[in-house]
Amino acid sequence: MNPVRNPFAPGAGTPPPELAGRDALLETLQVALQRTRIGRPARSAMLVGLRGAGKTVLLDRARDDAEAMGIHTIRLEAPEGRSLPAMLAPQLRQALLRLSQLEAAKDYAVRGLRALAGFASKLKLTFKDIEVGIDYEAEPGLADNGDLEHDLQALMEQAGLAAKAGNTALALFIDELQYVEEHQLAALITALHRMAQRQLPVVLVGAGLPQLRGQLGNAKSYAERLFEFTEIGPLPPEAAAQAIEKPLLDEGVTITPAALAEIGRVSQGYAYFLQTWGSHTWLAAEGSPIDTDAVARAGITAIAALDEGFFRVRFDRCTPKEKKYLRAMAELGDGPHRSGDVADVLGEKVSSLAPTRATLIGKGMVWSPTHGDTAFTVPMFAAFMQRIMPGQDWR
């Protein structure tokens, strides 16, 4: 098979050739965005799920849809160790500058830029990583108290007023939200709550790991009522088959039903793994139709590629003690596992392992589905841990 014509696209946030099984979700997001623009109540959305489920792709597709509607958007990815104000400030500046080009919104947008100047200058004392261009002098008393929750609310209010005056909306798209610290999440939730109360056209579409739902609830008790949570999981068999078969047919290539089912089985229906197996099956196939022998040959290189490009990058971020904890989880299987069972494998007390578990949760390696349970945030990670740390020497 010609590698140049390989239709599949395994990559971090890379759009697949066929975005199957997500039409209903994208339509729901479009309705919420359209309602926000015309001033109708709409809840912000949270896409939560494991790594490799396709959350980032959906976030970007929803943003493309918003831009096509004439909605002004902000796109952020929340990395570890960087503050929310530092990420928001430059993006809000760009949004306000765009809004200032609309005659009806100009005065509100300029006042928003003055609010941003006060916001950045006062909060830089607390969040030293804030770097943003200043276009207008600060207006005394506007978003300059030095208190994040109060000032972010005032700043977002000005942006919302500008968007409303311009007959548009402002949509924030933020990925990896689980890395935002709790008090900063609380400030963001408070600001969005105020926008809803004032019926200003500002909405958030966020994405993160499964623990995000609990983090938002801990930050503000009313978060469950403010957001529409959607679980992004593996694709059902029909959609998984479509994600593989349609790109092949577009290239004039067919695949046997058995081979199609086998790709669905080994990938477990996760979007990233489907693309990986699809790509490696294309390279392993000798021609059309693609059969199960090609899928079997592809499995060797697909797993090797996942080990080096998907699993290993997360494994390498962990300390030796954290790796042992993950390996102990893998010894028990895919999970979730009771903390006591993991401790038994390691021959230690649950209390002594609690700090290690907490740091792994903070790094987004594991999460707690229920109190006392621990699960991997990456599908198939147990098998990887058994490959990378085989036998009993790891103990």
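Below, each value reflects all heavy atoms present in this structure, side chains not excepted, and no hydrogens, waters or symmetry copies. The shown structure was predicted, so the numbers you read here are calculated from the model rather than taken from an experiment.
- The closest side-chain donor-acceptor pair between Q215 and Q178, if any, does not fall under 3.5 angstrom.
- Considering every non-hydrogen atom in both I174 and L59, the closest pair reads C-CD2, 3.9 Å.
- Although no hydrogens or angles enter the test, the distance criterion places a donor-acceptor pair under 3.5 Å between the side chain of T377 and the main chain of M365.
- Looking at E238 and K246, no side-chain N of the basic residue comes within less than 4.0 Å of a carboxylate O on the acidic one, giving no salt bridge.
- Here R387 pairs with D307 in a salt bridge; the nearest charged N to carboxylate O distance falls below 4.0 Å.
- With contacts defined as side-chain heavy-atom distances shorter than 4.5 Å, the pair K323/W394 does not qualify.
- For residues 365-383, the pairs satisfying salt bridge (Lys or Arg N to Asp or Glu O under 4.0 Å) are R338-D373, with sequence neighbours left out.
- Side-chain atoms of K220 and L185, non-hydrogen and from C-beta on, never get closer than 4.5 Å to each other.
- Aromatic ring orientation, F310 versus F273: perpendicular (interplanar angle above 60°, classes split at 30° and 60°).
- Using a 4.0 Å cut-off between charged nitrogen and carboxylate oxygen, E262 and R265 count as a salt-bridge pair.
- One finds a salt bridge joining R395 and E331 here, because a Lys/Arg side-chain nitrogen approaches an Asp/Glu carboxylate oxygen to under 4.0 Å.
- Between F381 and F376, the ring planes lie tilted relative to each other; the angle falls in the 30° to 60° range.
- Among pairs with a residue in residues 189-211, those fulfilling ring-ring contact (aromatic ring centres under 6.0 Å, His included) read H193-Y222, at least two apart in sequence or across chains.
- Judged purely by distance below 3.5 Å, without hydrogens or angles, the side chains of T190 and Q153 never pair a donor atom with an acceptor atom.
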